[in-house]
Every structure is written in C-alpha cells, then in structure tokens.
Amino acid sequence: TIGTHVSTGNGVQDLGDNDIIFKGDLQKWKKLANALKLRLALRAYGAPGAGWAAGVITKTFNGPFPADENDNALIPKDNTITQWASASYGDIWYNFGKGSDWTVGKAVIDFLRNNNDPRLPLYAKPAPGGTVTLYRPDQANNPEGYDNFPARIKYLVDTVLEPATSGDMTFTNRSDSVKISIPVNKYYIGQPSRFNAQIQQFVVFNFFSTPAEVIIQKKNEGKKIFPEMVLTTGESYFLRAEAVVRGLASGDAQSFFQNGIRYSMKLWGVGDGDISAYLATAPAQLTGSAAQQLRKIALQRWIASYTDGF
C-alpha cells in the first residue's frame, strides 16, 4: 500500500519525471484513487446490484481527497510532435478539413453568459459576426423549404441571435430573402444542437462562437495547449457535495460545492477576485430541495468538465 510514502523509491526506483501526471508523488496518487473510488460508487449508487455503493461512498470520506490546484490530475498535451503521434483538438481543427471547425453549444454559452461567469472568455471566442443574406428556397423545387423559411428564420433570430446580442443586430426581411448583420467579434453566441438538414443551410458559421485558442492551439508554435483532464480537484469537491446532499456522508455541502466552483475556475486561470465575486451570486448557492441541489451540482460539474468530451 502507499501509506505515507511520497515516492516509489530512490534513484532509478523513483518514477519522478516519468510520471507525467504527478511526477512520482504517491500521496497525490492516493488522493486521486480515493476520488475515483467516490466517482465510481456515486455513479453506481441506486443501480440494480449496487448495494455496495453506499458503504464505499461513506468509506471514501475517511481517506484523503484532492485539496487544491496542485492536486489536479491532468495529462499535458504535447505541443511539438505530430497529430499522428499524440492527437489533440487542434489537430482536428486545423488538419481535418471542412466539418472539423466546430462551434460552441448554446447551452454552455448561455449559462456562462447569463450568469456572468468569468470562464466565458476562457472557454470561447466571440462570434466573428458580419452580414449575411439568406435566400428563401424556390417554391416549385422545394415547397417545404419555401413554406417553412419564415418560421426557421424567426427561430434563429428570436431564439438565438437577438437574445445573445441583446438586440444589437439588424434584420431586413424581404419577400425572397433576409439580411442579418451582427457586430464583429463582440458577442458570445452558442449554436443550438441537433439542427436538422432543412435548417442547417441557414446556420451561418460566423454567427457562432468557437473554442478559445488554448483549446484548439496548433502544435509547433510554442504556445500552451489546455491539458487533458483525468480528474480535477474541482470535480472531487462536487462529488463530495453530492454525497452529502444524498445523505451518504457528512460534511458541509455548500462549502464543498463552492470549492468545486473555485478550483474549477482556478484551473482556467480565473483570478481570486473574480472567483469571490461569482461565489456571492445565486448560481453558487446550494439552495432548494435535495433534487434542486443535485441539479445545481450536476450543472456546475458539467460546466467544469468542458473539453472533456469522453
């Protein structure tokens, strides 16, 4: 067992820099193992045949957990070798052609923007914007598209573009087309998911935010690439908050919840002042029924897992 050992040994027995996550620090691995155990048990809790989960959850609270930004389990992205040896998001973005230059979803952009979350400019870039004319399909060749053109444009404008820009846009409606203008590089606009093929032709790439450069950074330029997350300190706090709210462990769920937000923000380089300001707002308060509290925890945990798409 690891016990109180801090390394795997001396000299050649010491993993050291060969351990790309914790540089051979066994106490950090011990914290990670305990947090992973809690994650697995919470995921299994309530499922058929998972009667063991509640006991495991309670037991994990006797062990150490990741405590601060030094305990994040992260795998650094190699920013020099080719995509074929170590792929990252930038490899896809810059090298896979059309379809690889994705936008950021409406759900995450709306939540960050509407709650003044300081991670927004760290997660995404403002939409490029500009002016686009969209033409109504020909009635004879595409009667369905012709009939539904007004409704589809209305959805894009009323539900997506106007709320995101607070109306700072122009919309000119003609009989056979519409002209839409959005200020350049000013607003964060998320793209709704699951568009069908009929509306896809009106989804203008430049009207939506794209990932921040640190996420899609090209290799061999000497610039930072956001690492791969295994399990972060922030998530470990969210897991503990969930266990307490479910009545499976004791502790201060609000404190765990806010520390989850705090260390999730620190991972992205948010300053202490901005973190404190956000923690004083409604989204950072673990209030309401148990079900409502679990939803708040799940939502913040989801926001914190940004870039971890697997």
Side-chain angles (χ1 to χ4, degrees), residues 35 65-74 76-77 89 103-129 163-166 168 183-191 208-217 223-242 251-288 292-293 295-309:
F65 282 105
D68 57 29
E69 58 266 43
N70 297 310
D71 292 332
N72 290 310
L74 308 170
K77 296 287 179 67
Y89 287 121
T103 55
V104 183
K106 185 176 186 296
V108 64
I109 291 289
D110 284 1
F111 181 85
L112 296 172
R113 186 190 63 239
N114 296 344
N115 291 291
N116 295 316
D117 193 306
R119 287 170 288 192
L120 178 56
L122 304 173
Y123 279 20
K125 292 180 282 192
T165 62
S166 299
D168 184 17
V184 175
N185 297 320
K186 184 176 181 180
Y187 293 106
Y188 293 93
I189 308 174
Q191 180 177 315
F208 299 102
S209 293
T210 54
E213 204 62 32
V214 71
I215 300 167
I216 57 170
Q217 176 58 47
K223 297 179 181 178
K224 179 182 177 182
I225 302 176
F226 193 76
E228 187 72 31
M229 294 185 289
V230 179
L231 193 150
T232 65
T233 295
E235 183 185 359
S236 78
Y237 278 112
F238 290 136
L239 292 170
R240 280 176 274 177
E242 179 182 343
D252 186 342
Q254 168 72 3
S255 177
F256 288 147
F257 179 61
Q258 290 210 332
N259 273 329
I261 297 172
R262 181 187 310 279
Y263 288 105
S264 295
M265 288 187 171
K266 279 182 173 289
L267 178 60
W268 285 86
V270 178
D272 289 336
D274 287 336
I275 294 174
S276 295
Y278 185 85
L279 292 179
T281 65
Q285 312 310 311
L286 201 55
T287 55
Q292 290 171 327
Q293 291 181 36
R295 185 181 185 281
K296 287 185 175 183
I297 294 168
L299 182 55
Q300 286 289 347
R301 186 179 169 196
W302 172 67
I303 290 292
S305 68
Y306 184 65
T307 74
D308 186 10

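We number each residue from 1, following the sequence as shown. Scope of the values below: all heavy atoms of this structure, side chains included, with no hydrogens, waters or symmetry mates.
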Tell me every residue that passes salt bridge (charged side-chain N to carboxylate O under 4.0 Å, His left out) with Asp168, counting only those two or more places apart in sequence or in another chain. Lys186

Thr210 backbone acceptor or donor facing Thr103 side chain under 3.5 Å: no

Looking only at side-chain N and O atoms, does Arg301 offer a donor or acceptor that is under 3.5 Å from a partner on Ser305? no

Mind checking whether Glu235 and Asp308 have side chains closer than 4.5 Å, heavy atoms only? no

Who pairs with Glu69 by salt bridge (charged side-chain N to carboxylate O under 4.0 Å, His left out), at least two apart in sequence or on another chain? none

Report yes or no: does Ser276 contribute a side-chain atom to a donor-acceptor pair with the main-chain N or O of Gly273 at less than 3.5 Å? no

Side-chain (Asn72) to main-chain (Thr232) donor-acceptor, under 3.5 angstrom: no

Measuring from Ile215:CD1 to Lys77:NZ, what's the distance to the nearest 0.5 Å? 9.5 Å

Sequence neighbours excluded, every pair satisfying salt bridge (Lys or Arg N to Asp or Glu O under 4.0 Å) that has a member inside residues 273-288: none

Hits for side chain to side chain contact (heavy atoms under 4.5 Å, CB included) against Pro126, two or more places apart or cross-chain, chain-then-number order -> Tyr188

Residues in salt bridge (charged side-chain N to carboxylate O under 4.0 Å, His left out) contact with Lys266, at least two apart in sequence or another chain: Asp272

Selection residues 108-124 - residue pairs positive for salt bridge (Lys or Arg N to Asp or Glu O under 4.0 Å), sequence neighbours left out: Lys106-Asp110, Asp110-Arg113, Asp117-Arg119

Any side-chain heavy atom of Ser264 sitting closer than 4.5 Å to one from Tyr306? no

Kindly determine whether Leu112 and Ile303 satisfy side chain to side chain contact (heavy atoms under 4.5 Å, CB included), including the steps that lead there. CA-CA 9 Å; Leu112 296 172; Ile303 290 292; 3.9 Å; yes

Hey, are the side chains of Phe208 and Val104 touching, using non-hydrogen atoms and a 4.5 Å cut-off? no

Going by the angle between their ring planes, with limits at 30° and 60°, are Trp268 and Phe226 parallel, tilted or perpendicular? parallel

Which of these passes side chain to side chain donor-acceptor pair (under 3.5 Å) with Thr287: Gln292, Lys296, Gln293? Lys296

Atom CD1 in Ile297, atom CG in Leu286: separation rounded to 0.5 Å? 5.0 Å

Partners of Phe256 by ring pair (Phe, Tyr, Trp, His ring centres under 6.0 Å), sequence neighbours excluded? none

Applying salt bridge (charged side-chain N to carboxylate O under 4.0 Å, His left out), can you list everything that pairs with Lys224, at least two apart in sequence or on another chain? none

Partner set under side chain to side chain contact (heavy atoms under 4.5 Å, CB included) for Gln258, not counting sequence neighbours: Gln254, Leu279, Ala284, Gln285

Using a 4.5 Å cut-off on heavy atoms from C-beta on, say whether the side chain of Leu74 contacts that of Met229. yes

Please check this pair: side chain of Tyr237 against backbone of Tyr263, looking for a donor-acceptor N/O pair closer than 3.5 Å. no

Applying side chain to side chain contact (heavy atoms under 4.5 Å, CB included) to Leu299 and not counting sequence neighbours gives Phe111, Arg295, Trp302

Check whether any side-chain heavy atom of Ile275 lies under 4.5 Å from a side-chain heavy atom of Pro118, and answer yes or no. no

For Phe238, give me all partners under ring pair (Phe, Tyr, Trp, His ring centres under 6.0 Å), at least two apart in sequence or on another chain. none

Contacts of Tyr187 meeting ring pair (Phe, Tyr, Trp, His ring centres under 6.0 Å) (sequence neighbours excluded), chain-then-number -> none

Side chains of Pro128 and Val184 in contact at under 4.5 Å (non-hydrogen atoms): no

Are the side chain of Thr233 and the backbone of Pro66 linked by a donor-acceptor contact shorter than 3.5 Å? no

How many angstroms lie between CG in Asn259 and CG in Asp252, if you round to the nearest 0.5 Å? 9.5 Å

Could you measure the distance from the CG atom of Asn115 to the OH atom of Tyr278? Nearest 0.5 Å is fine. 5.0 Å

Indicate yes or no: at least one non-hydrogen side-chain atom of Leu122 is less than 4.5 angstrom from one of Val270. yes

